[in-house]
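Have a look at the structure below, then the notes.
In what follows, every chain begins at residue 1, and chains take the letters A, B, ... in the order their sequences are listed.
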2 protein chains.
Amino acid sequence: MKWNELSDNWCPVARTLSIVGDRWTLLILRDCFLGLSRFEQFIESSGMTRHILAERLKRLVEAGILERRQYSAGPKRYDYVLTEKGQELAPALMNLRDWGKKHMPVRRATNA
Amino acid sequence: MKWNELSDNWCPVARTLSIVGDRWTLLILRDCFLGLSRFEQFIESSGMTRHILAERLKRLVEAGILERRQYSAGPKRYDYVLTEKGQELAPALMNLRDWGKKHMPVRRATNA
DNA sequence: TGCCTTAGTTCCAAAATGAAACTGATGGAG
DNA sequence: CTCCATCAGTTTCATTTTGGAACTAAGGCA
């Protein structure tokens, strides 16, 4: 079975992961919860490539988790903010954070 | 930056995802919480390939999330059970499940 | 007229995944 | 004893995804 066929799985966990379970996706959402919203901010904060970021943002917008919003009319520029639906992923992120704090101590700090 | 370099990230969410954030991994854990423990059970339940399953199980054992346990002495066979550390991922899984139930309705049911 | 910013795109090599066949140890039916 | 079944993995190879870096587009500003 392919990963992309998970969106209609009987299991709600699988369906959730079918959109937020790809590499980097949850880190974009983490950044959103930290107040970031712009393309370049996500790049710098997460360390992912622009290529992947663009693809993930598109999926998250299509899924109604982020909203693409024009924030500058001069040079037309867009950023991304959490929708209500996106906000509701907060508890899951919190739990992952708490688990990491408890069970995944940092060995060598990285700057990303 | 590469995904595998996340294990020493400053962010606990990133560190957590560095071991449970790969494709299929959280579905294995879901199965464990549902009471499954054997290789063939994971295969049938999740629909992932044996190849990937074997790799993920190895990582989860190394990370101390699952324990490899001999369950048959005749033909020596092993299965996998959650450790205490693994059990503590339950809340995160619950949240992902709840979010999926609320926001990801099933369109066409699949049998996997 | 250039140069800067910022959100993307494109290209290509490297890594991960997916499908299917294969292995190895053992049990049990005949 | 012989052959088939079980079950946890491995191996192989084609396809897909990723990572890195360079490039594009649409203005702004000096």
Side-chain angles (χ1 to χ4, degrees), chain A residues 1-7 9 14 17-28 31-32 35-62 66-81 110-112, chain B residues 1-9 14 17-28 31-32 36-62 66-81 110-112:
Chain A
M1 189 197 225
K2 286 175 208 153
W3 178 256
N4 318 36
E5 295 166 19
L6 246 47
S7 52
N9 200 277
L17 293 176
S18 76
I19 38 169
V20 301
D22 288 305
R23 280 183 175 182
W24 303 107
T25 301
L26 283 170
L27 294 183
I28 297 172
D31 284 348
C32 290
L36 307 189
S37 68
R38 304 224 299 265
F39 196 93
E40 303 294 332
Q41 292 177 324
F42 295 135
I43 290 294
E44 193 190 5
S45 165
S46 70
M48 65 191 303
T49 66
R50 339 175 52 74
H51 182 187
I52 305 293
L53 176 58
E55 195 270 341
R56 297 294 190 269
L57 288 173
K58 190 162 51 160
R59 289 209 50 172
L60 288 169
V61 168
E62 283 168 6
L66 293 183
E67 191 199 331
R68 188 168 184 262
R69 185 186 59 171
Q70 180 170 332
Y71 73 89
S72 157
K76 268 191 186 175
R77 264 155 204 173
Y78 301 88
D79 68 351
Y80 299 85
V81 285
T110 57
N111 43 343
Chain B
M1 188 197 223
K2 286 175 207 151
W3 177 255
N4 318 36
E5 293 166 19
L6 245 47
S7 52
D8 289 303
N9 200 276
L17 293 176
S18 76
I19 38 169
V20 300
D22 287 305
R23 281 182 174 182
W24 305 105
T25 301
L26 283 171
L27 294 184
I28 298 172
D31 284 348
C32 290
L36 306 188
S37 69
R38 305 222 299 263
F39 196 92
E40 304 292 334
Q41 292 177 323
F42 295 135
I43 288 295
E44 193 190 4
S45 165
S46 70
M48 66 191 301
T49 65
R50 340 175 52 75
H51 180 189
I52 306 293
L53 176 59
E55 195 271 342
R56 296 294 190 270
L57 288 172
K58 190 163 50 160
R59 290 210 49 173
L60 288 168
V61 169
E62 283 168 6
L66 293 183
E67 191 198 332
R68 188 167 185 265
R69 184 187 60 172
Q70 180 170 331
Y71 73 89
S72 156
K76 267 193 187 174
R77 266 160 204 170
Y78 301 87
D79 68 350
Y80 298 85
V81 285
T110 58
N111 43 342

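Of the side-chain N and O atoms in B/Tyr71, one or more sit less than 4.0 angstrom from OP1 or OP2 of D/dA8. Neither OP1 nor OP2 of D/dT6 sits under 4.0 Å from any side-chain N or O of B/Arg77. Neither OP1 nor OP2 of C/dA25 sits under 4.0 Å from any side-chain N or O of B/Tyr78. Within the 4.0 Å cut-off from OP1 or OP2 of C/dG8, at least one side-chain nitrogen or oxygen of A/Tyr80 is found.
Between the CD1 atom of B/Ile43 and the C1' atom of D/dG9 there is a distance of 10 Å, given to the nearest Å. The NZ atom of A/Lys76 sits 18 Å away from the C1' atom of C/dT5 (whole-angstrom rounding). In this structure, A/Leu53 atom CG and D/dT17 atom C1' are separated by 16 Å, rounded to whole Å. Straight-line distance from the CD atom of B/Glu40 to the P atom of D/dT10: 13 Å, rounded to whole Å. Taking atom CD on B/Glu44 and atom P on D/dC7, their separation rounds to 11 Å, with Å as the unit.
Ring-plane geometry between B/Trp3 and A/Trp24 is classed as perpendicular, the angle between the planes exceeding 60 degrees on a 0 to 90 degree scale with a lower cut at 30.
Take the nearest nucleotide of DNA chain D for A/Gly74 and for B/Gln41: the residue whose nucleotide is more 5' is B/Gln41.
Remark: side-chain polar atoms of B/Ser45 are not paired, donor with acceptor, to backbone N or O of B/Gln41 under 3.5 angstrom. Formation of a donor-acceptor pair under 3.5 Å by the A/Arg68 side chain with backbone atoms of A/Lys58 is not found in this model.
The nucleotide whose nearest atom lies closest to any side-chain atom of B/Pro75 is, among C/dA7, C/dT26, D/dA8, C/dT26.
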Expected string for nucleotides 15-21 of chain C under the B/S/- scheme (protein heavy atoms, under 4.0 Å, primed atoms plus P, OP1, OP2 as sugar-phosphate) is -SSBB-B
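To the nearest 0.5 angstrom, A/Ile19 atom CD1 is 9.5 Å from A/Thr25 atom OG1. Note that CG of B/Leu60 and SG of B/Cys32 are 8.0 Å apart. Values are rounded to the nearest 0.5 Å.
For B/Glu40, the side-chain contact (heavy atoms from CB on, under 4.5 Å) test picks out B/Arg50, with sequence neighbours left out.
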